[in-house]
Amino acid sequence: MKVLQIVLVFSILFGLNSCIKEDIVDDQIEESIRINNSFSNFTVGETIVLDAFFFDNLGMKQTVVFDLKSNNPSIVEIENSTQKIIAKSKGTTTIVVSAVYNGKQIENTATITVIESGTPPDPNNVIKIGTLVKTSSYASAGDFEITAITGGIRIQFASNYVADQNLPGFAMYLTNNPNSRTGAIKIDAQGDADGVIYKGAFTMDVMGVGINDFGYLTHWCDPFSIKVGEAQIKNK
């Protein structure tokens, strides 16, 4: 019995030690602009008001003034005073959304294809997707899709989803800074009453969260704050 206890203790300590060796040094990220709008089925004559967030180098949302520019105003026209994006004619072009924060200019772009006719984009029918990629020696992989439900979001993980069952203190988060748990919400963890699914397709509902609230889904070694996997959440 004592031998079994010693082996168990050694296994736990070895796992935690492995986790410590893969610590993250820098929590900071690049400032970024996230464009939340979907431009699918954007038809001539339609208008969309910009929906965008700005995040600082810690992944915290900040209030800024956005400036919009179209690379081809004959296809997509911009009305900066109202943040309106207007489809003028059939074709494809790029818009640039920029902001100045602490004296630094930050930009993001979106490619827009305008069609002559179709169903206008529904801002309430946005679908997000992502693919987990491991950031350590521990397993972390899989595709997922996020949709809005009443009062929250639904995350549907595909059959290729994998989390490492040997990871001490596994936890999964939604966050805007993939290198930190500050401002993140924990949506699954080892020791939860409903257990953890480590492999295969499953669905998870997260209440009290909007579909545009977070830009990353991450896996962590929770006891030592070590990220072991991450996925950027993007518009489908």
Stepwise side-chain contact (heavy atoms from CB on, under 4.5 Å) check, Ile95 with Phe39: CA-CA 11 Å; Ile95 64 166; Phe39 296 101; 4.2 Å; yes

Step by step, would you call Met204 with Gln156 a side-chain contact (heavy atoms from CB on, under 4.5 Å)? CA-CA 6 Å; Met204 174 188 296; Gln156 295 177 289; over 6 Å; no

Check the pair Asn176, Ile29 against side-chain contact (heavy atoms from CB on, under 4.5 Å), reporting the backbone distance first and the verdict last. CA-CA 10 Å; Asn176 286 309; Ile29 58 174; over 6 Å; no

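Residue pairs meeting the salt bridge (Lys or Arg N to Asp or Glu O under 4.0 Å) criterion with at least one partner in residues 157-179, sequence neighbours excluded, are absent. For the salt bridge (Lys or Arg N to Asp or Glu O under 4.0 Å) condition, no pair includes a residue of residues 55-76, sequence neighbours left out. Here side chain to side chain donor-acceptor pair (under 3.5 Å) pairs that include residues 198-211, with residues two or more places apart or in two chains, are Arg154-Asp205.
Looking at Val126 and Asn36, their side chains never come closer than 4.5 Å, going by heavy atoms from C-beta outward. Looking only at side-chain heavy atoms (C-beta outward), Asn177 and Phe55 stay at 4.5 Å or farther from each other. Leu68 has its side chain within reach of Gln83: a pair of non-hydrogen atoms, C-beta onward, lies under 4.5 Å apart. A 4.5 Å side-chain heavy-atom check between Ile115 and Phe42 finds every atom pair outside the cut-off. No side-chain heavy atom of Lys90 sits under 4.5 Å from any side-chain heavy atom of Ile75. Between Trp220 and Val228 there is no side-chain heavy-atom pair separated by less than 4.5 Å. At a threshold of 4.5 Å between non-hydrogen side-chain atoms, the residues Ile85 and Val49 do not count as touching. For the pair Pro178/Lys227, a side-chain contact is recorded, criterion being any heavy-atom separation below 4.5 Å from C-beta on.
Every residue meeting the side-chain contact (heavy atoms from CB on, under 4.5 Å) condition with Glu79, not counting sequence neighbours, appears here in chain and number order: Ser81, Thr82, Lys84, Ile86. Partners of Ile129 according to the side-chain contact (heavy atoms from CB on, under 4.5 Å) rule, which considers only residues two or more places apart in sequence or in another chain, are Glu145, Lys236. In terms of the ring-ring contact (aromatic ring centres under 6.0 Å, His included) criterion, Tyr216 has no residue partners (sequence neighbours excluded). Partners of Phe53 by ring-ring contact (aromatic ring centres under 6.0 Å, His included), not counting sequence neighbours: none found. Listed by chain and residue number, Leu132, Lys134, His219 satisfy the side-chain contact (heavy atoms from CB on, under 4.5 Å) test with Ser140 (two or more places apart in sequence, or in another chain). The side-chain contact (heavy atoms from CB on, under 4.5 Å) check on Thr131 picks up Asp143, with sequence neighbours excluded.
The nearest pair of heavy atoms linking Pro223 to Pro168 is CD-O, 3.5 Å. When all heavy atoms of Cys221 and Leu167 are compared, the pair lying nearest together is CB-CD1, 3.8 Å. The two residues Phe66 and Ala52 have their closest heavy-atom pair at CE1-O, 3.6 Å. Here the shortest heavy-atom pairing between Ala99 and Val65 reads CB-O, 3.7 Å.
Taken from CD in Glu46 to NZ in Lys88, the straight-line distance is 12.5 Å, to the nearest 0.5 Å. Within the model, atoms OG1 of Thr94 and CG of Asn72 stand 9.5 Å from one another, a figure rounded to the nearest 0.5 Å. Atom CZ of Phe157 and atom CZ of Phe202 lie 4.5 Å apart (nearest 0.5 Å). Expressed to the nearest 0.5 Å, how far OG of Ser38 lies from NZ of Lys128 amounts to 8.5 Å. Rounding to the nearest 0.5 Å gives a distance of 8.0 Å between CG of Asn37 and CG of Asn235.
Aromatic ring centres of Phe54 and Tyr101 lie closer together than 6.0 Å.
Residues Tyr138 and Val196 share a hydrophobic cluster, clusters being chains of Ile/Leu/Val/Met/Phe/Trp/Tyr side chains in contact below 4.5 Å. No continuous path of ILVMFWY side-chain contacts below 4.5 Å connects Tyr161 to Val133, so the two sit in separate hydrophobic clusters. In the hydrophobic cluster analysis, where Ile, Leu, Val, Met, Phe, Trp and Tyr join through side-chain heavy atoms closer than 4.5 angstrom, Ile197 is grouped together with Phe170.
For Arg34 and Asn212, the side-chain atoms include no donor-acceptor pair closer than 3.5 Å.
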All N/O donor-acceptor pairs, side-chain side in residues 106-114, below 3.5 Å, sequence neighbours left out:
residue, atom, partner, partner atom, Å
Glu107, OE2, Gln105, NE2, 3.1
Asn108, ND2, Ile33, O, 2.8
Thr113, OG1, Thr92, OG1, 3.0

I'd like a table of donor-acceptor pairs (distance under 3.5 Å, sequence neighbours excluded) in which one partner is a side-chain atom from residues 181-188, with atom names and distances.
residue, atom, partner, partner atom, Å
Arg181, NH1, Asp222, O, 3.2
Arg181, NH1, Asp222, OD1, 2.5
Arg181, NH2, Ser225, OG, 2.2
Thr182, OG1, Ser180, OG, 3.2
Lys186, NZ, Asp222, OD2, 2.8

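Taking a 4.5 Å side-chain heavy-atom cut-off between Ile, Leu, Val, Met, Phe, Trp and Tyr, the cluster of Leu58 extends to Met60.
Between the Thr218 side chain and the Gly229 main chain, no donor and acceptor come within less than 3.5 Å of each other. Here the side chain of Asn57 pairs no donor or acceptor atom with the backbone of Glu31 at under 3.5 angstrom.
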